[in-house]
Q: 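Just passing along the structure, written as structure tokens.
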Amino acid sequence: MFRPKLPTMPQPTGIVTPPAVIEPTTITPGTPTTPTTPVAPAPVPARPTIQLTPGTALALVGGGTAVVLVVGAVLVSMLLAVAITGASVAVCAVVLRSLLASGNRRR
């Protein structure tokens, strides 16, 4: 009752492919490079290099400044929302305290 029952692995029911046969290949040494043999030039990269012109630099600086200003405005507005909420909760606490204190005095 307290011993776990381990499931048995079922046998495959579909078509089973035999394992692939790997044949060894022979290694042929390459031709040695001598000083008289010309060396092939390095391959040219497929993508072009990025050229930073004054216009694109100005656009990058402007975009970065806009992102910083937007993120700063969002963070400041969240901080103000928290501050206003805290101040209103404090005012409500003072009003409730005075109401409860005045209710105890009348009795």
Side-chain angles (χ1 to χ4, degrees):
M1 182 171 140
F2 293 109
R3 292 187 181 188
K5 294 180 181 179
L6 300 175
T8 58
M9 292 295 293
Q11 296 297 324
T13 57
I15 299 173
V16 179
T17 58
V21 178
I22 300 174
E23 297 179 4
T25 57
T26 58
I27 300 173
T28 57
T31 57
T33 305
T34 60
T36 58
T37 307
V39 179
V44 178
R47 55 185 187 171
T49 58
I50 298 173
Q51 295 179 355
L52 194 61
T53 61
T56 56
L58 187 63
L60 285 174
V61 169
T65 304
V67 167
V68 167
L69 288 176
V70 167
V71 170
V74 168
L75 291 177
V76 167
S77 64
M78 290 172 62
L79 179 65
L80 284 173
V82 169
I84 291 171
T85 303
S88 65
V89 167
V91 168
C92 289
V94 168
V95 169
L96 284 174
R97 182 179 171 190
S98 68
L99 286 175
L100 290 174
S102 66
N104 287 341
R105 286 187 209 146
R106 291 183 186 169
R107 292 183 184 179

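Quick note: numbers below take in every heavy atom, side chains included, and nothing from hydrogens, waters or symmetry partners.
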Q: For residues Thr65 and Val61, determine if any side-chain heavy atom of one lies less than 4.5 Å from a side-chain heavy atom of the other.
A: yes

Q: Between Val82 and Val74, is there shared hydrophobic-cluster membership here, with clusters defined by ILVMFWY side-chain heavy atoms closer than 4.5 Å?
A: no

Q: For the atom pair CG (Leu75) and CG (Leu80), what is the distance rounded to the nearest 0.5 Å?
A: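 The CG atom of Leu80 is 11.0 Å from CG of Leu75, to the nearest 0.5 Å.
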
